[in-house]
Amino acid sequence: MNENQQIIYMQARLVRLASEEWNIPIKAVASIFTEFKVFQFIRECFGIFHIEGDYAVFEDITGYLNNKGAVFDAGVN
C-alpha cells in the first residue's frame, strides 16, 4: 500500500471511530471533518500519526476540533 492509500485508510478508520465515540452518524462526522479540514490535518500530520494508534490520533483530532471551536456533540467537547 502506498502512502496515499495509507492516509485514506487512516482517514476512513478515524471517521468510523469518531462516529462510534461521539455516537453520531458517519455522514455527520464526514461533514465535520470536511468543514474543519480534519482530512487535510490528517494528511499533513501523517508522518507522526502513522506511528501512533488510532485512539491517540483521535485525541489529537478532538483537541484540534476543540481549538477550532467545533461543536460536534455537547457530550464530548
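Since the structure is predicted, the reported quantities are computational estimates derived from the model, not experimental observations.
- Annotation for Gln6 and Met1: closest pair NE2-O, 3.1 Å, computed over non-hydrogen atoms.
- A donor-acceptor pair under 3.5 Å is absent between the side-chain atoms of Ser19 and the main chain of Val15, judged by distance alone.
- Cluster annotation: Tyr9 and Ile51 are assigned to distinct hydrophobic clusters (Ile/Leu/Val/Met/Phe/Trp/Tyr, side-chain heavy-atom contacts under 4.5 Å, transitive).
- Applying the 6.0 Å contact sphere to CD of Glu3 captures no more than 12 heavy atoms from other residues, nucleotides or ligands.
- Two residues are said to be in side-chain contact when any heavy atoms from C-beta on lie closer than 4.5 Å; Ile8 and Gln5 fail this criterion.
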Under 3.5 Å, which donor-acceptor pairs link side chains of residues 28-49 to any protein atom two or more places apart or in another chain?
| from | atom 1 | to | atom 2 | distance (Å) |
| --- | --- | --- | --- | --- |
| Ser31 | OG | Lys27 | O | 3.2 |
| Thr34 | OG1 | Ala30 | O | 2.8 |
| Gln40 | NE2 | Glu44 | OE2 | 2.8 |
| Arg43 | NH1 | Asn4 | OD1 | 2.9 |
| Arg43 | NH2 | Asn4 | OD1 | 3.0 |

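- Contacts classified as side-chain hydrogen bond (donor to acceptor under 3.5 Å, both in side chains) and involving residues 45-61 (residues at least two apart or in different chains) are given here: Arg13-Asp54.
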